[in-house]
Amino acid sequence: MGIAISNLSVKYGAETVISGLSLDIPEGCFFTLLGPSGCGKTTLLRTIAGFAPASGGQIRFGGRDVTELPPHKRAIGMVFQDYALFPDKTVADNVAYGLRARGEKGPGVEQKVKAALERVGLGHLLSRHPAAL
Ligand SMILES: Nc1ncnc2c1ncn2[C@@H]1O[C@H](COP(=O)(O)OP(=O)(O)OP(=O)(O)O)[C@@H](O)[C@H]1O
Ligand SMILES: [Mg+2]
């Protein structure tokens, strides 16, 4: 699923933070944003995920226009600069949260969580709480 951004503008109040940005990110591509502090990197990610509204332009995922969709209807993930972990949940339950919020249940959730954690070398830590990492 590629991401296509065309003529995107984002404002905070009267201040325009992103102005007329167009960008095509092909499916499967590892894409990096690099720029000085305050140039709008986080704002762009928040707008792609739907947490900050676009004031103009269009965002498309694989051809689907998501510009006006709320975050939970975009089927996209975002890792925040602060980790936003639930301190009272284990690593496994933190990772499982998104799946459970979408209504997935049963052993399939545990299998997916274990596979995802093993893939990033964290399989041995799934019972720990964030403060114990
Ligand atoms: N919630 C907000 N309300 C008003 N202005 C904001 C808000 N968030 C960010 N800004 C402003 O928008 C501009 C872009 O900020 P943003 O956080 O997107 O930059 P950044 O490139 O991610 O910076 P950094 O490298 O420090 O993370 C900055 O001028 C910032 O002060
Ligand atoms: Mg940032």
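Keep in mind that this is a model prediction, so the values were computed, not measured. When a ligand or atom number is given, it counts from 1 through the structure's own listing order.
- Contact check for Lys41 versus Cys39: side-chain heavy atoms found under the 4.5 Å cut-off.
- Donor-acceptor pairing under 3.5 Å is lacking for the side chains of Asn7 and Gln58.
- Side-chain contact between His72 and Arg102 is absent, with no heavy atoms from C-beta onward closer than 4.5 Å.
- By the 4.5 Å heavy-atom criterion applied to side chains, Tyr12 and Thr43 are counted as neighbours.
- For a distance threshold of 2.8 Å, the protein N, O or S atoms nearer than that to the Mg ion (ligand 2), listed by chain and number, are Thr42 OG1.
- Taking the charged nitrogens against the carboxylate oxygens, Glu15 and Lys11 have no contact shorter than 4.0 Å, which rules out a salt bridge.
- Cluster partners of Leu34: none. The rule joins Ile, Leu, Val, Met, Phe, Trp and Tyr whenever side-chain heavy atoms lie under 4.5 Å apart, and it links nothing here.
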Give one line per pair: atom of ligand 1, protein atom, distance. Only N/O to N/O under 3.5 Å.
residue  : atom   : partner : partner atom : Å
ligand 1 : 18 (O) : Thr43   : N            : 2.9
ligand 1 : 18 (O) : Thr43   : OG1          : 2.5
ligand 1 : 19 (O) : Gly40   : N            : 3.4
ligand 1 : 21 (O) : Cys39   : N            : 3.3
ligand 1 : 21 (O) : Gly40   : N            : 3.0
ligand 1 : 21 (O) : Lys41   : N            : 2.9
ligand 1 : 21 (O) : Lys41   : NZ           : 2.9
ligand 1 : 22 (O) : Thr42   : N            : 2.9
ligand 1 : 22 (O) : Thr42   : OG1          : 2.8
ligand 1 : 23 (O) : Gly38   : N            : 2.8
ligand 1 : 25 (O) : Lys41   : NZ           : 2.7
ligand 1 : 26 (O) : Ser37   : OG           : 2.6
ligand 1 : 27 (O) : Gln81   : NE2          : 3.4

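- Side-chain contact between Leu8 and Ile5 is present, with at least one heavy-atom pair separated by less than 4.5 Å.
- With sequence neighbours left out, the salt bridge (charged side-chain N to carboxylate O under 4.0 Å, His left out) criterion links Glu68 to no other residue.
- Residues Lys112 and Glu104 come closest through the heavy atom pair NZ-OE1, 2.9 Å.
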